[in-house]
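Side chains are part of it too, since the values below use all heavy atoms of this structure and drop only hydrogens, waters and symmetry mates. We number each residue from 1, following the sequence as shown. One-based numbering, in listed order, for ligands and for the atoms of each.
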Amino acid sequence: MRMYDLIRKKKLGGELTTEEIDWMIQGYTRGEIPDYQMSAMTMAICFVGMNERETGDLTLSMRDSGDKLDLSAIEGIKLDKHSTGGVGDKTSIALLPLVSCLGVKLAKMSGRGLGHTGGTIDKLESIPGFKTEMDEESFISQVNDIGMAIMGQTADLAPADKKLYALRDVTATVDQLSLIASSIMSKKLAAGADAIVLDVKCGSGAFMKESDDAKALAGAMVKIGAHAGKKCMAVITNMDEPLGRAVGNAIEVREAIDTLKGKGPEDFTALVLALGSRMVLLAGKAADLKDAEDKLKAAIADGRAIEQLKRFISAQGGDASVADDTQKLKVAEQILELKAPSDGYVQRIICDEVGMCSLMLGGGREKKTDIIDPSVGILLKKKVGDPVKKGETMAVIYHNDAVKAQAAYERLMAAYITGAERISPKKLICGEVDR
Ligand code: URA
């Protein structure tokens, strides 16, 4: 086979065979196919597209390009959950302990934040002592012991995707549906779970800004799951304003803890219950969605959920007493309050801008090598639809640097759109794909 012929075939609208895709992906991973030929191919895919079979084959080939986790030593059905990323998305930190209370086994690999979106691993590391690096054996034995584990992604999981993603990032070829879906699913499939629940975010803080694009991505990923013989479903959820009220690292963990005690923000609690009930149902631990949701609510109300979070934190070396006393999570002492410019309503909060403000304070990375300050962040006192009085606090900025805080303040002020008319917040669940 010659890469030149494959590029030409795709450019002319052709369909790549399973063998051609695998030859190309394994050759690229081994360094035998140069970046310039691969970037010509990804650009051809951007213009011509890939059909369902090609997308599935691309995913499986990337899945098989490196290590794969073998979770067969864990009894029962193993579930994984993935979010396409957003602002204030601390969902896994509350969701996994809650769902595992009902006997669902959860083995999850998570990523770090990049750009305006945060990452679960960075958030968890704001808990004193918490370790996110673990070997496969400890990961599996923790799931067997306490029902759940979350670890950082290992270097050699789907290395083809790692290489290809870095190439797409600099050749304007990230935003192609088959390439995104296969990139996400190759890592999920290599991580070994039997069933996967996908939270596809939609809106100004998400990768997919438009509902139709989010639905198409959800559909493509669910089909890939089926192609790989996994149970897979997707929920499309609103990311047009930040999720919950906390955006940062330590303050998001604090909000996840409050939620497991039944004192979380309404939207975040609703999302955790919506995803959680689908996971419980997929694992066969409830008769229907209502039954699953009732069981989850009971686990919050009787304290099992917060106890499970403590077990999880201890198992990964962290100080579980943060769940009893959230003051132990270090939040920056200096604050700057964002005041409403006039009476009215919050009509919009430009979501990715709030993420950028958190990043500017030091809560995220501009480059992979940047070191995060877990104590900074933004607490949204007012959300879309809330009334405000002139001079009332709409948000609080927690910071360790007055210059950075002032820049974040100006950006946050521009992200908060207020006006005389009340606008209802968007629906949390925008759609669902199951097959
Ligand atoms: N996230 C991924 O892992 N891959 C993509 O292509 C886009 C988002």
Side-chain angles (χ1 to χ4, degrees), residues 21 25 28-29 35 38-39 41-46 49-50 54-69 80-87 89 91-92 108-122 150-191 193 196-210 213-225 228 232 234 236-237 239 351-352 355 364-365 368:
I21 290 172
I25 291 299
Y28 182 58
T29 311
D35 279 347
M38 200 53 167
S39 44
M41 174 59 87
T42 53
M43 189 56 85
I45 293 171
C46 282
M50 275 186 144
E54 288 176 293
T55 309
D57 286 343
L58 176 63
T59 312
L60 298 193
S61 192
M62 292 203 291
R63 174 198 67 182
D64 296 340
S65 63
D67 291 346
K68 277 181 279 183
L69 275 191
D80 196 355
K81 170 255 166 192
H82 179 79
S83 156
T84 56
V87 180
D89 188 0
T91 308
S92 296
K108 175 160 171 57
M109 282 200 183
S110 285
R112 296 191 180 276
L114 194 64
H116 75 277
T117 64
T120 302
I121 292 299
D122 296 326
I150 302 180
M151 73 168 181
Q153 207 154 294
T154 62
D156 204 39
L157 195 90
D161 171 64
K162 200 169 179 195
K163 235 181 134 182
L164 200 54
Y165 189 83
L167 184 75
R168 288 164 55 213
D169 206 18
V170 292
T171 53
T173 55
V174 168
D175 58 350
Q176 200 282 333
L177 190 97
S178 293
L179 295 178
I180 298 172
S182 59
S183 163
I184 294 174
M185 290 303 287
S186 62
K187 288 171 284 207
K188 289 284 111 184
L189 296 175
I196 306 158
V197 171
L198 299 159
D199 179 8
V200 180
K201 301 288 187 196
C202 172
S204 75
F207 207 62
M208 293 290 164
K209 313 279 180 212
E210 304 301 330
D213 294 339
K215 282 185 187 144
L217 178 62
M221 291 197 291
V222 169
K223 278 182 190 148
I224 292 171
C232 191
I236 298 138
T237 68
M239 190 39 78
C351 194
D352 44 0
R365 300 180 188 81
K368 276 195 172 156

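- Formation of a donor-acceptor pair under 3.5 Å by the Thr171 side chain with backbone atoms of Leu167 is found in this model.
- Residue Leu157 forms a side-chain contact (heavy atoms from CB on, under 4.5 Å) with just one option from Lys68, Met109, Lys188, and that option is Met109.
- With Lys209 contributing its side chain and Ser204 its backbone, the two residues share a donor-acceptor pair below 3.5 Å.
- The only member of Thr84, Leu177, Ile196, Ile180 that meets side-chain contact (heavy atoms from CB on, under 4.5 Å) when paired with Met221 is Thr84.
- Counting only heavy atoms from C-beta outward, the side chains of Lys223 and Thr55 never approach each other to under 4.5 Å.
- Atom CD1 of Ile25 is separated from atom OG1 of Thr29 by 6.5 Å, given to the nearest 0.5 angstrom.
- Contact residues of ligand 1 (protein heavy atom closer than 4.0 angstrom to a ligand atom; sorted by chain and number): Tyr165, Arg168, Ile180, Ser183, Ile184, Lys187, Phe207.
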